[in-house]
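All residue numbers refer to positions in the sequence shown, counting from 1.
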Amino acid sequence: MLELIGELLFWREDYKFSKRKKARRVHEKENKLPKTFMIHPVWKLLGIILIVGFIGKLLISYFYVSDYGNRKTTQNIEKIEMILAQEKSALGIYPEKLNSIKRNNPLRKNITTDYWQNEFYYQQLDSGQAYLLISKGNDGILKTKDDLKGMYKFK
């Protein structure tokens with residue numbers, strides 16, 4: 001039944017398109033205009049469906065299949081490392097706790113959490129001359145293979 005309805009709709013669109021095309025060709029001939037390229041409505045619809053499907057596939061693979069969380073967390077680690085380097089140059093040592101880099105700045109409100117809303121593991125080493133920065137990863141457990149590590153920073 002659905003196939004019959006689909007065929008009838010296709011024939012209807014084909015008929016309407018052929019009438020429009022004939023009228024357009026007559027108009028072009030009367031006014032001595034060059035022929036314009038006309039696309040059948042079914043092909044237009046197919047093109048739109050393909051484009052929307054391709055964009056949907058890209059979005060789904062970007063957010064759900066790829067390593068989007070890892071990339072965002074790595075970017076956050078880089079921001080933290082930059083802030084920690086500024087702290088070190090200003091104070092001479094790295095801060096004792098990671099929360100101290102927030103400094104009531106609303107832009108840094110969520111800087112101490114990774115993409116999965118887990119707190120970063122931060123440890124000051126060598127009396128403030130180095131630090132260890134680790135994201136616990138997707139599972140939220142420290143020392144597993146999905147952890148993302150910042151670098152050990154010395155002097």
- Message: Measuring from atom CZ of R20 to atom CD of E13, what distance do you get when rounded to the nearest 0.5 angstrom?
- Response: 7.0 Å
- Message: Please evaluate residues H40 and W43 with respect to the criterion side chain to side chain contact (heavy atoms under 4.5 Å, CB included), reporting the C-alpha separation (whole Å), side-chain torsions for both, the decisive distance (0.1 Å), and the verdict.
- Response: CA-CA 5 Å; H40 196 282; W43 289 110; 3.6 Å; yes
- Task: Answer yes or no: is there a donor N or O on one side and an acceptor on the other, between the side chain of D139 and the main chain of I141, under 3.5 Å?
- Result: yes
- May I ask you to check if K88 and Y94 form a cation-pi contact, with NZ or CZ under 6.0 angstrom from the six-membered ring centre and within 45° of the axis? yes
- Message: Could you report the tightest heavy-atom contact between K44 and I39, atom names first, then the distance?
- Response: CE-O, 3.5 Å
- Task: Identify the heavy atoms of F120 and S135 that sit nearest to each other, and give their distance.
- Result: CE2-CB, 3.6 Å
- Message: Count I, L, V, M, F, W, Y as connected when their side-chain heavy atoms are under 4.5 Å apart, and connections chain through other members. Are Y68 and L59 then in the same cluster?
- Response: yes
- Query: For the side chain of D114 and the backbone of E119, is there at least one donor-acceptor N/O pair under 3.5 Å apart?
  - Reply: no
- Message: Nearest 0.5 Å, please: how far is CG in L107 from NZ in K109?
- Response: 10.0 Å
- Message: Distance alone, cut at 3.5 Å: any donor-acceptor contact between the side chains of N70 and T73?
- Response: no
- Query: Are R25 and T36 close enough, and set up right, to give a side chain to side chain contact (heavy atoms under 4.5 Å, CB included), and what steps lead you there?
  - Reply: CA-CA 9 Å; R25 295 295 180 239; T36 57; 4.1 Å; yes
- Item | Distance (rounded to the nearest 0.5 Å) between Y122 OH and I134 CD1 | 12.5 Å
- Message: Between D14 and F10 (side chain of the first, backbone of the second, donor and acceptor by atom type, cut-off under 3.5 Å), is there such a pair?
- Response: no
- With side chains defined as the heavy atoms from C-beta onward, is the minimum distance between L125 and Q129 less than 4.5 Å? no
- Going by heavy atoms in the side chains, are L133 and Y121 under 4.5 Å from each other? no
- Message: Tell me whether E87 is salt-bridged to R103, with the criterion being a basic N under 4.0 Å from an acidic carboxylate O.
- Response: yes
- Using atom types as modelled and distance alone, determine if a side-chain donor or acceptor of N138 lies under 3.5 Å from a backbone N or O of W116. no
- Quick one: CD1 on I101 to CE on M82, what's the gap to the nearest 0.5 Å? 10.0 Å
- Spatial distance of atom CG (N76) from atom OG1 (T113) [nearest 0.5 Å]: 7.0 Å
- Check whether any side-chain N or O of N105 sits under 3.5 Å from a backbone N or O of K102 as a donor-acceptor pair, and report yes or no. no
- Query: Does Q86 CD have over 12 foreign heavy atoms under 6.0 Å away?
  - Reply: yes
- Could you tell me the separation between the CD1 atom of I80 and the CG atom of L84, rounded to the nearest 0.5 Å? 7.0 Å
- Connected via hydrophobic side-chain network under 4.5 Å: F37 and I48: no
- Which pair of non-hydrogen atoms, one from Q124 and one from G128, has the smallest distance, and what is that distance? NE2-CA, 3.2 Å
